[in-house]
Asker: 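My questions will all concern the structure given below.
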2 protein chains.
Amino acid sequence: MDEITRTKRNRLPSMYDVARLAGVSQTTVSFVVNNVASAAISQETRDRVWAAVHALGWRPNAMARSLRTRHSQTLGLISDEVVTSPYAVRIILGAQEAAWVGQQMLLVVNTSGQCDIEQTALRFMLERRVEGLMYATMYHHEVVPPPELQSVPVILVNCFVADRSLPAIIPDEVQGGYTATEALIQRGHYRIAFINEVIPMPALFGRLEGYRQALANYGLPFDPTLVRSCHSNAHDAFAVAFALLEREDRPTAIFCFNDKMAMGVYDAIKRLGLRIPQDVAVIGFDNLELIAAQLYPPLTTIALPHYEMGRRAVELLQASPAGENVPPTQHYLPCPLVERASI
Amino acid sequence: MDEITRTKRNRLPSMYDVARLAGVSQTTVSFVVNNVASAAISQETRDRVWAAVHALGWRPNAMARSLRTRHSQTLGLISDEVVTSPYAVRIILGAQEAAWVGQQMLLVVNTSGQCDIEQTALRFMLERRVEGLMYATMYHHEVVPPPELQSVPVILVNCFVADRSLPAIIPDEVQGGYTATEALIQRGHYRIAFINEVIPMPALFGRLEGYRQALANYGLPFDPTLVRSCHSNAHDAFAVAFALLEREDRPTAIFCFNDKMAMGVYDAIKRLGLRIPQDVAVIGFDNLELIAAQLYPPLTTIALPHYEMGRRAVELLQASPAGENVPPTQHYLPCPLVERASI
DNA sequence: ATGAATTACTAATTCGATTTATCAACGAAG
DNA sequence: CTTCGTTGATAAATCGAATTAGTAATTCAT
């Protein structure tokens, strides 16, 4: 086995060490290990070089290489709380897997929303000469990123700047709301309640807009009394759903702003002795695996494309010609329907 | 504002550029920006250097520095599925925040359990000369990591090798099981059921052992009919709990192997018209914020110390003298009780 | 047989920093 | 008047690779 031999003052072996052992020049070693097409090296010499490489357990030093080639082969991901959140974390997964196919690695920093950490993270990453930066947020909202961000190609993920001057990858909330509502309509429902979030955010407006568009498209009336809002947690949604379902003209389907709310809605429906989906259909949003799959019956919901956002972000960074900024397009990624058993 | 000026063939400015602008040598710039104590530089010159630095928007090139100093200031984290799982991801957060205070950055790769990815990730990281490696898993189990892992200080997180020859940071499952059971006993329960996982894993044995120790310690009999097992999901736990609660000598408290099970147990209790915690107390394990906080009543549970495991791992790597391996101690971190309202 | 082309390889420079050794100027001490 | 020490700065080597510009030795074409 290639034992890791330490040469010269306990250092890891360098190309020079390999060259000496193989009895060739360092240049030759470089040509051999990089398989340089323009270099003419005999098979015999190649074999000697590889033998020396394995004997010493040599590995290229990425720092030296990057210094010379001026390519760090790394991308940076700065996020507010993505790591903390159970689903937004898939942004990282998508980004990392895409970086992987481009032979790049990901530097990840979670700022926990602190500006000083953000500043320092940015500094560290720029010092490491990242070839692109992603600025990601846990939930879809407007941001004001630090200006130094733009000293390298950058792309916003799950967020955007007010003037849309930076490229962004964001979920298509309108389509998501539309898809959810449409799914209910197609199953014969025409009295569809919508329990929305109260804190103003793109998701709130977008999903409501999608809901209205779907109703309109299928010729159904928009009934304002069927649209309620509360904080997006199970407890508050329970109360709202309970009230909604006690009416004699109760809705036959409830579209919940998110899965946490759906959890409370389930409780309300069960408490009233109603069945899901026979008496009341429920659809959620976010596709929180943990909730949606564990609820009984499993919750049909709309997924946020976190993984895809991460992947697309990296792909766009990679596609943009060396050092060039990514064009400031706003990419809206679809939020697909995830069918389980609640509608 | 420090505009980023590009000098010489569109390159970022180097120390040499700063030196020329300030009318000093590159050495002097290095001494000034690094505040080298042994160097005698007049205040006037220092000011000129800093002025040039800001005028050019110069930033140190971490690759060049690392090459010279032989310190990469980075740590690697290789995980199977940590990024995918909503709670284990806190390992990353803990590691990153600890790395942060040591001025280090984290390279993260999620292998999705694929050996080839693991190999390549390891290679990439070693090429980047990471100063330490963490090998983390989504759930607590035995692993057989690739041997090359040990060419750099390494520590296992949430996993261990059979012969305990590598340092590991793992949750203290026995204490966790003990704490959960004790919490119930202290609230006056003496018929405590335990719904365990079926797939053999350290958590299964450890938590059961903790359960037995607590009963023994408080002089309570161990009743094997109160210990059931099923796959750890809400649906299967529902059935088990239902059966358990239909007995006339039904338990007054249920310790669930994890929070997903608790979700099903809640459903069973409610279906039987019983109240939580008045009629039946429930305690979970894992502290899945999403479930535990959203359930009604909020679930009291035992937390896995993911964040702390990540942090401790990095601290141990940092504490170990340059290049030395971390001593192969197995660090058991406590699983604390998180009190909500279900017991 | 001679110049051209090809083969097989190496010397030297470069990337952008850190660090050691050295140097000039100047005042103080002997 | 030399020597010494201090202050203020620099030249040069180094880290580990990639890369350009060669150079010998051999083969080929004419």
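What you see below is based on every heavy atom in this structure, not just the backbone, and it leaves out hydrogens, waters and symmetry mates.
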Asker: For C:dG16, does OP1 or OP2 lie under 4.0 Å from any side-chain N or O of A:Arg70?
Answerer: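 For C:dG16, OP1/OP2 do have a side-chain N/O of A:Arg70 under 4.0 Å.
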Asker: For DNA chain D, whose closest nucleotide is more 5', that of B:Arg68 or that of B:Ile41?
Answerer: B:Ile41
Asker: Between C:dT19 atom P and B:Leu67 atom CG, what is the distance in whole Å?
Answerer: 12 Å
Asker: If you take atom types as modelled and just measure distance, does the side chain of B:Ser42 reach the base of D:dT7 with a donor-acceptor pair under 3.5 Å?
Answerer: no
Asker: When you check the phosphate oxygens OP1 and OP2 of D:dA9, does a side-chain N or O of B:Thr45 lie under 4.0 Å from one of them?
Answerer: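 B:Thr45 to D:dA9 OP1/OP2: side-chain N or O found under 4.0 Å.
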Asker: Taking atom P of D:dC15 as reference, at what distance in whole Å does atom CG of A:Asn61 sit?
Answerer: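 So the two atoms are 12 Å apart, to the nearest Å.
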Asker: Expressed as a whole number of angstroms, how long is the span from B:Tyr16:OH to C:dT14:P?
Answerer: 11 Å
Asker: Between B:Tyr139 and B:Glu81, is any side-chain donor less than 3.5 angstrom from a side-chain acceptor?
Answerer: no
Asker: May I ask you to verify if any side-chain N or O of A:Trp58 is less than 4.0 angstrom from the OP1 or OP2 atom of D:dG16?
Answerer: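 No.
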Asker: Check every atom of D:dA18, C:dT10, C:dT18 against the side chain of A:Val24 and return the nucleotide holding the closest atom.
Answerer: C:dT10
Asker: Taking atom types as modelled, is there a side-chain donor on B:Thr45 or B:Ser42 under 3.5 Å from an acceptor on the other?
Answerer: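 Checked: B:Thr45/B:Ser42 side chains pair up, N/O donor to acceptor below 3.5 Å.
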Asker: Is the phosphate of D:dG16, meaning OP1 or OP2, less than 4.0 Å from a side-chain N or O of B:Arg129?
Answerer: no
Asker: Using a cut-off of under 3.5 Å, enumerate the N/O to N/O pairs linking the protein to nucleotides 25-29 of chain C.
Answerer:
none

Asker: To the nearest Å, give me how far apart CD (B:Gln73) and P (C:dT18) are.
Answerer: 12 Å
Asker: Applying side chain to side chain contact (heavy atoms under 4.5 Å, CB included), name anything that partners B:Thr111, two or more places apart in sequence or on another chain.
Answerer: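 Checked B:Thr111 against side chain to side chain contact (heavy atoms under 4.5 Å, CB included); matches are B:Ile78, B:Asp80, B:Val109, B:Ile117, B:Glu118.
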Asker: OP1 or OP2 of D:dT10 less than 4.0 angstrom from a side-chain nitrogen or oxygen of B:Ser25, does that happen here?
Answerer: yes
Asker: Quick one: list whatever passes side chain to side chain contact (heavy atoms under 4.5 Å, CB included) with A:Leu21, sequence neighbours left out.
Answerer: A:Ala52, A:Ala55, A:Leu56
Asker: If you compare every side-chain N and O of B:Arg11 against the phosphate oxygens of C:dG16 (OP1, OP2), does one of them come in below 4.0 Å?
Answerer: yes
Asker: Quick one: side chains of residues 309-317 of chain A, donor-acceptor pairs under 3.5 Å with protein atoms, not counting sequence neighbours, listed by atom name and distance.
Answerer:
{"unit_1": "A:Arg311", "atom_1": "NH1", "unit_2": "A:Glu315", "atom_2": "OE2", "d": "3.3"}
{"unit_1": "A:Arg312", "atom_1": "NH2", "unit_2": "A:His331", "atom_2": "ND1", "d": "3.4"}

Asker: Is a donor-acceptor contact shorter than 3.5 angstrom present between the side chain of B:Arg65 and the base of C:dT18?
Answerer: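 When only heavy-atom distances are counted, B:Arg65 does not reach the base of C:dT18 through any donor-acceptor pair under 3.5 Å.
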Asker: Scan residues 152-165 of chain B for pairs that pass side-chain hydrogen bond (donor to acceptor under 3.5 Å, both in side chains), counting only residues two or more places apart or in two chains.
Answerer: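 Matches after skipping sequence neighbours: B:Asp163-B:Ser165, B:Arg164-B:Gln330.
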Asker: Let me know the distance between CE of A:Met15 and C1' of D:dA17, rounded to the nearest Å.
Answerer: 6 Å
Asker: Side chains of A:Thr27 and A:Ser30: do they bring a donor and an acceptor to under 3.5 Å?
Answerer: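 Distance-only check fails for A:Thr27 and A:Ser30.
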Asker: What residues from residues 29-40 of chain B pass a heavy-atom cutoff of under 4.0 Å to DNA chain C?
Answerer: B:Ser30, B:Phe31, B:Asn34
Asker: Measure NE2/A:His71 against C1'/C:dG16 and give the value in whole Å, please.
Answerer: 16 Å
Asker: Tell me which nucleotide among D:dG16, C:dA11, D:dA11 gets nearest to the side chain of B:Thr27.
Answerer: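 Of all the options, the side chain of B:Thr27 is nearest to D:dA11.
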Asker: What is the distance, rounded to the nearest whole Å, between atom CE of B:Met63 and atom C1' of C:dC15?
Answerer: 9 Å
Asker: Among B:Leu122, B:Leu75, B:Leu77, B:Leu107, exactly one meets side chain to side chain contact (heavy atoms under 4.5 Å, CB included) together with B:Val130. Which residue is that?
Answerer: B:Leu107
Asker: Measure CG/B:Asp47 against C1'/D:dG8 and give the value in whole Å, please.
Answerer: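 Atom-to-atom, B:Asp47 to D:dG8, this comes out as 15 Å.
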Asker: Tell me if the centroids of the rings in A:Phe160 and A:His140 come within less than 6.0 Å of each other.
Answerer: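 Yes, close enough.
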Asker: Let's go through B:His71 and B:Arg129 carefully: what are the C-alpha distance in whole Å and the side-chain angles of both, what is the deciding distance for side chain to side chain contact (heavy atoms under 4.5 Å, CB included) to 0.1 Å, and is it a yes or a no?
Answerer: CA-CA 8 Å; B:His71 292 303; B:Arg129 300 295 190 258; over 6 Å; no
